[in-house]
Amino acid sequence: MNRLRLWLLAVGGAGLAALLVAACLDLPDFGGTRHPYGDRAVRASLARHTANTISSVNFDQRAYDTLGEMSILFAAVLGCVVLLRQARDEHRARPEPAEVARPVRRYALLTLPVALVTGLYVIAHGQLSPGGGFQGGVVAATALHLLYLGADYRALERVRPLGAYEICDALSAAAYLVLGLAPALAGTAFLANILLPYGTFNTLSSGGAVPLLNAAIGMEVAGAVVVLLAHFLDQAVEIEEEQRS
């Protein structure tokens with residue numbers, strides 16, 4: 001049985017390798033002027049009034065792939081939450097406020113609102129300029145944790161109600177699915193960008209469904225990263241093993 005499995009693995013691996021080599025041999029020359037996939041992506045982006053071609057690919061031309069990436073992040077965070085939950089042989093010890101150097105405190109508290117606004121800006125302008133929901137969501141989520149560096153853990157907890165961010169993560173993932181199902185219910189393809197007007201090129205309202213899908217991803221990523229960091233911080237700061245005699 002083991003030998004049969006190895007043979008099946010070898011045959012499948014050889015077939016996959018042959019397909020990969022054939023695909024690589026048919027790729028355009030590096031540095032050449034022929035870029036069939038890039039040219040098609042740019043044409044589709046301009047046809048749907050999306051100035052940022054990368055966002056057009058992520059949230060329009062291959063929005064289904066982005067759904068998979070979002071699902072991977074959602075599942076990964078859910079798995080970490082389950083693994084890092086408080087066990088029976090652990091208890092919570094409220095941390096005491098730590099001394100923070102004044103320069104660190106000033107820098108963190110001054111940078112926090114700037115970083116938070118920057119993250120939201122990157123999300124909102126994802127269809128226009130480099131960035132988007134994934135990048136902006138990470139920036140916005142990590143910006144909140146500058147309060148942990150500039151003040152203490154209790155201050156971070158006051159501005160980071162964990163339950164609200166867990167709900168935000170789930171609702172944002174559901175919103176992406178709903179936005180994808182709407183075209184399907186209207187008789188077209190899942191996640192097809194044809195229901196909303198494309199708007200004026202290079203404006204916030206351009207791109208049809210791209211800004212909405214981008215915003216859903218941004219909120220999902222922000223909520224997921226906050227929840228993930230919260231549970232890791234809990235393990236490092238609050239949760240301790242029971243002392244056994």
Q: Determine whether more than 12 heavy atoms belonging to other residues, nucleotides or ligands lie under 6.0 Å from atom CZ of Arg105.
A: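 Result for CZ/Arg105: enclosed.
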Q: Who else is in Leu128's hydrophobic cluster (ILVMFWY, side-chain heavy atoms under 4.5 Å, direct or via others)?
A: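 Besides Leu128, the cluster holds Leu204.
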Q: In Å, rounded to the nearest 0.5 Å, how long is the span from CD1 of Ile194 to CG of Asp60?
A: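 The CG atom of Asp60 is 10.5 Å from CD1 of Ile194, to the nearest 0.5 Å.
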Q: Working to the nearest 0.5 angstrom, can you tell me the gap between Leu196 CG and Ser206 OG?
A: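 Those atoms lie 12.0 Å apart.
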Q: As a quick check of understanding, evaluate side-chain contact (heavy atoms from CB on, under 4.5 Å) for Phe59 and Thr50, giving each step before the final call.
A: CA-CA 10 Å; Phe59 303 110; Thr50 308; over 6 Å; no
Q: Any chain of hydrophobic side-chain contacts (each under 4.5 Å) joining Val226 to Met219?
A: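 Hydrophobic grouping puts Val226 apart from Met219.
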Q: Does any N or O in the side chain of Tyr198 come within less than 3.5 Å of the main-chain N or O of Asn193, such that one atom is a donor and the other an acceptor?
A: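 The answer is yes, because a donor-acceptor pair under 3.5 Å joins these two groups.
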Q: Tell me whether Thr111 contacts the main-chain N or O of Ala108 through its side chain, where contact means a donor paired with an acceptor under 3.5 Å.
A: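 Not confirmed, Thr111 side chain does not pair with Ala108 backbone.
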Q: Rounded at 0.5 Å granularity, tell me how far CG in Leu191 sits from CG in Leu67.
A: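 These two atoms lie 6.5 Å from each other.
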Q: Find out if a path of hydrophobic residues (ILVMFWY) with successive side-chain heavy-atom gaps under 4.5 Å connects Val138 to Leu162.
A: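 Yes, because Val138 and Leu162 connect within a single hydrophobic cluster, where side-chain heavy atoms sit under 4.5 Å apart.
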Q: Is it the case that the side chain of His231 and the backbone of Val81 share a donor-acceptor pair, with hydrogens and angles ignored and the cut-off at 3.5 Å?
A: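 Pair absent, no side-chain N/O of His231 close to backbone of Val81.
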Q: Can you tell me which residue pairs pass the ring-ring contact (aromatic ring centres under 6.0 Å, His included) test with a partner in residues 117-150, sequence neighbours excluded?
A: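 Every pair satisfying ring-ring contact (aromatic ring centres under 6.0 Å, His included) with a residue in residues 117-150: Tyr121-His125, Tyr148-Tyr153.
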Q: Give the cluster check for Leu83 versus Val77: same hydrophobic cluster or not, with ILVMFWY residues linked at side-chain heavy-atom distances below 4.5 Å.
A: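 Different clusters: Leu83 never reaches Val77 through Ile, Leu, Val, Met, Phe, Trp or Tyr contacts under 4.5 Å.
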Q: Taking side-chain hydrogen bond (donor to acceptor under 3.5 Å, both in side chains) as the test, write out the residues that go with Ser56, two or more places apart.
A: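 Listed in chain order: Gln61.
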Q: Determine yes or no for a side-chain-to-main-chain donor-acceptor pair under 3.5 angstrom, with Asn52 supplying the side chain and Gly126 the backbone.
A: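 Looks like yes, one N/O pair under 3.5 Å.
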Q: Do Cys24 and Leu20 have side-chain heavy atoms sitting under 4.5 Å apart?
A: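 Side chain of Cys24 against side chain of Leu20, heavy atoms only: contact under 4.5 Å found.
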Q: Does some side-chain heavy atom of Leu144 sit less than 4.5 Å from a side-chain heavy atom of Tyr165?
A: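 Result yes, sub-4.5 Å side-chain heavy-atom pair found.
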Q: Indicate, with yes or no, if Val221 and Leu179 share a hydrophobic cluster defined by side-chain heavy-atom contacts under 4.5 Å among Ile, Leu, Val, Met, Phe, Trp and Tyr.
A: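 Leu179 and Val221: one cluster.
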Q: Considering all heavy atoms of both residues, which atom of Gly131 and which atom of Ser55 are nearest to each other, and what is their separation?
A: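 It is O-OG, 4.2 Å.
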Q: Does Asp169 reach the main-chain N or O of Val227 with its side chain, forming a donor-acceptor pair under 3.5 Å?
A: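 Pair absent, no side-chain N/O of Asp169 close to backbone of Val227.
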Q: Counting only heavy atoms not in Asp39, do more than 12 fall under 6.0 Å of its CG?
A: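 Atom CG in Asp39 is crowded, with more than 12 foreign heavy atoms closer than 6.0 Å.
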Q: Atom CG in Leu229, atom CZ in Arg160: separation rounded to 0.5 Å?
A: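 Output value for this atom pair is 8.5 Å.
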Q: Rounded to the nearest 0.5 Å, what separates atom CG in Leu213 from atom CD in Gln127?
A: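 One finds 11.0 Å between CG of Leu213 and CD of Gln127.
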Q: Check Ala140 against Leu116 and note the closest heavy-atom contact, atom names and distance.
A: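 In this case the closest contact between Ala140 and Leu116 is O-CD1, 3.8 Å.
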Q: State, with a plain yes or no, whether a side-chain heavy atom of Glu220 is found less than 4.5 Å away from one of Leu73.
A: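 The answer is yes; the side chains approach within 4.5 Å.
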Q: Using atom types as modelled and distance alone, determine if a side-chain donor or acceptor of Ser45 lies under 3.5 Å from a backbone N or O of Ala41.
A: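 Here the side-chain-to-backbone pair does not exist.
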Q: So does Tyr107 have more than 12 non-hydrogen atoms from other groups sitting under 6.0 Å from OH?
A: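 Check fails, neighbour count at 12 or below.
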Q: Take Ile217 and Thr66 through the test side-chain contact (heavy atoms from CB on, under 4.5 Å) and record every step on the way to the result.
A: CA-CA 9 Å; Ile217 287 292; Thr66 302; 4.0 Å; yes
Q: Which heavy-atom pair separates Leu149 from Val104 by the least distance, and what is that distance?
A: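 Minimum heavy-atom contact is O-CG1, 4.0 Å.
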Q: Return yes when atom CZ of Phe201 has more than 12 non-hydrogen atoms of other residues, nucleotides or ligands closer than 6.0 Å, and no otherwise.
A: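 Enclosed.
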Q: Mind listing the closest non-hydrogen atom pair of Ala216 and Tyr176 along with its distance?
A: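 Shortest heavy-atom contact: CB-N, 4.2 Å.
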Q: At their closest point, which heavy atom of Leu112 faces which heavy atom of Leu147, and how far apart are they?
A: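 For Leu112 and Leu147, the tightest heavy-atom pair comes out as CD1-N, 3.6 Å.
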Q: Any sub-3.5 Å donor-acceptor pair from Thr188's side-chain atoms to Pro183's backbone N or O?
A: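 Confirmed, Thr188 side chain pairs with Pro183 backbone.
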Q: Any chance you could lay out the side-chain contact (heavy atoms from CB on, under 4.5 Å) test for Leu156 and Leu233, step after step, and finish with the verdict?
A: CA-CA 11 Å; Leu156 173 62; Leu233 281 173; 3.9 Å; yes
Q: Measuring from atom CG of Asp65 to atom CE of Met70, what distance do you get when rounded to the nearest 0.5 angstrom?
A: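 Those atoms lie 12.5 Å apart.
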Q: If you group Ile, Leu, Val, Met, Phe, Trp and Tyr by side-chain heavy-atom gaps below 4.5 Å, do Leu120 and Leu212 land in one group?
A: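 No; Leu212 is not reachable from Leu120 via cluster members.
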Q: Go through the steps for Ile123 and Asn214 under the test side-chain contact (heavy atoms from CB on, under 4.5 Å), then give the verdict.
A: CA-CA 7 Å; Ile123 295 174; Asn214 179 61; 4.3 Å; yes
